[in-house]
Amino acid sequence: MEWNEMAVAAFALLGAGIAMIGGGFGPAIGQGYAAGKGAEAVGRQPEAQGKIMTTMLLGQAVAETTGIYSLVVALLLIGIVNKIL
Amino acid sequence: MSSLDEVLEGAKTVFTVFGLPITESVVNTWLVMAVLIILAIVLRRNLQMYPDKRQNIVEIIVEGLTGLVTSTMGPKNKNFTPFIGTVFLLIAFSNILGIFGLRSPTADFSVTFAYGIVTFFCIHFFALKAKGWSYIKGFGQPFIFLLPINIIGEVAKPFSLGMRLFGNLLGGSVIMAMISGAIAIFVPAVASIYFDLFSGFLQSFIFIMLTMVFITIAKDDDD
């Protein structure tokens, strides 16, 4: 394999890792915050648990979106490496 | 269970019709459609005033969906229940196909993007029907130079809906392939309950929730 191809593969894998750092941090903080607030809300109003649960899961799934985008980017980068090697 | 390389490779072509590739996603969607049609035919047979077990379960599901649509979109949009319910069942059954070792059709961006486009046309069709010309004028609000940003925001909706579903499903099947590659017994079964069943239902629920919210906002918001 040529040096150039090797560098491309290395940087693509590095980029996939870096993408997942950001994609891991952001949604984790967002989802944790939503779960914490959800627990607080259930503590204050236990009878509304069902509604709080749905709202919380929906909010968490939307917060997850950016993480999923970075996962897709990382998978695309890994796909490029698979094609080169 | 398929290996990691197979998952990352994308859907395989099963056969071609006049040079048009028919992939695994299409065939598996046919399978889901067949299952849903057979279920519908079997479950709607001899409905009674005093329901038996089977009819009770179906009534719970239908009433739950109706209640969800009424509480999210308002009582006057109750007519959306059949559409929303169909989308929910189609996506949910596609998602949980992974549990049978088949490739979920929704782990293919073409499929999820098509679902996103269905939502996109629904949003604009019903908004145009409800508001008419003032809906198109609404894109120039509050200032006319925000027009391109508003249009990009609208075009981004099917992409983000499709990407969310695709990414979750692909991520789930990648993780499942990794787990079943590392440990062969028991652990994949437990993980499959979360990644295939729970995540699959959650993602289809989120898809219909966002569809309902987008349609309601475009249709009924007067500003």
Side-chain angles (χ1 to χ4, degrees), chain A residues 8-9 12-35 37-39 41 45 47-85, chain B residues 3-11 64-65 67-72 88 91 95 106-110 112-113 116 156-175 177-178 194-195 198-214 216:
Chain A
V8 168
L13 286 177
L14 196 64
I18 292 172
M20 282 321 291
I21 294 177
F25 260 109
I29 292 170
Q31 290 187 324
Y33 190 74
K37 285 285 179 191
Q45 239 179 327
E47 69 276 6
Q49 197 198 8
K51 205 150 196 186
I52 291 165
M53 186 91 149
T54 12
T55 317
M56 187 189 82
L57 283 178
L58 186 69
Q60 286 186 327
V62 175
E64 203 184 40
T65 312
T66 49
I68 293 297
Y69 289 165
S70 65
L71 175 71
V72 171
V73 169
L75 286 176
L76 286 176
L77 286 170
I78 293 173
I80 290 172
V81 174
N82 277 349
K83 225 168 247 173
I84 291 174
L85 296 184
Chain B
S3 73
L4 189 57
D5 288 334
E6 277 175 41
V7 171
L8 285 178
E9 214 169 72
L65 277 169
L68 185 70
V69 173
T70 329
S71 68
T72 317
F88 175 71
I91 296 180
N95 287 353
T106 34
D108 185 341
F109 186 56
S110 324
T112 56
F113 186 55
K157 269 177 192 167
F159 275 101
S160 95
L161 275 173
M163 274 294 204
R164 181 179 296 119
L165 196 55
F166 162 71
N168 269 295
L169 262 290
L170 187 69
S173 41
V174 165
I175 292 170
M178 279 177 175
Y194 177 81
F195 287 111
F198 177 72
S199 174
F201 269 110
L202 188 64
Q203 288 310 318
S204 45
F205 176 69
I206 281 151
F207 190 92
I208 59 162
M209 277 302 269
L210 289 173
T211 303
M212 287 192 285
V213 169
F214 285 154
T216 318

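Note on naming: letters A, B, ... go to the chains in the order of the sequence lines (proteins, then strands), and numbering restarts at 1 for each one. Model, not experiment: these values are computed from the prediction.
For F205(B), the part lying near chain A is the side chain, with the backbone staying farther off; criterion is any non-hydrogen pair under 4.5 Å. Heavy atoms closer than 4.5 Å to chain A are found in both the backbone and the side chain of S160(B). Using a 4.5 Å cut-off between heavy atoms, I206(B) touches chain A through backbone and side chain atoms alike. For L75(A), the part sitting under 4.5 Å from any heavy atom of chain B is the side chain, from C-beta outward, and nothing else.
Shown here for S204(B) and F88(B), the closest heavy-atom pair between the two residues is OG-CE1, 3.7 Å.
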> So L68(B) and M209(B), side chain to side chain contact (heavy atoms under 4.5 Å, CB included) or not? Walk me through it.
Replying inline: CA-CA 9 Å; L68(B) 185 70; M209(B) 277 302 269; 4.2 Å; yes
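For the pair T216(B) and T72(B), the minimum side-chain heavy-atom distance is 4.5 Å or more. In this structure, the side chains of L77(A) and L13(A) stay at 4.5 Å or more apart for every pair of heavy atoms.
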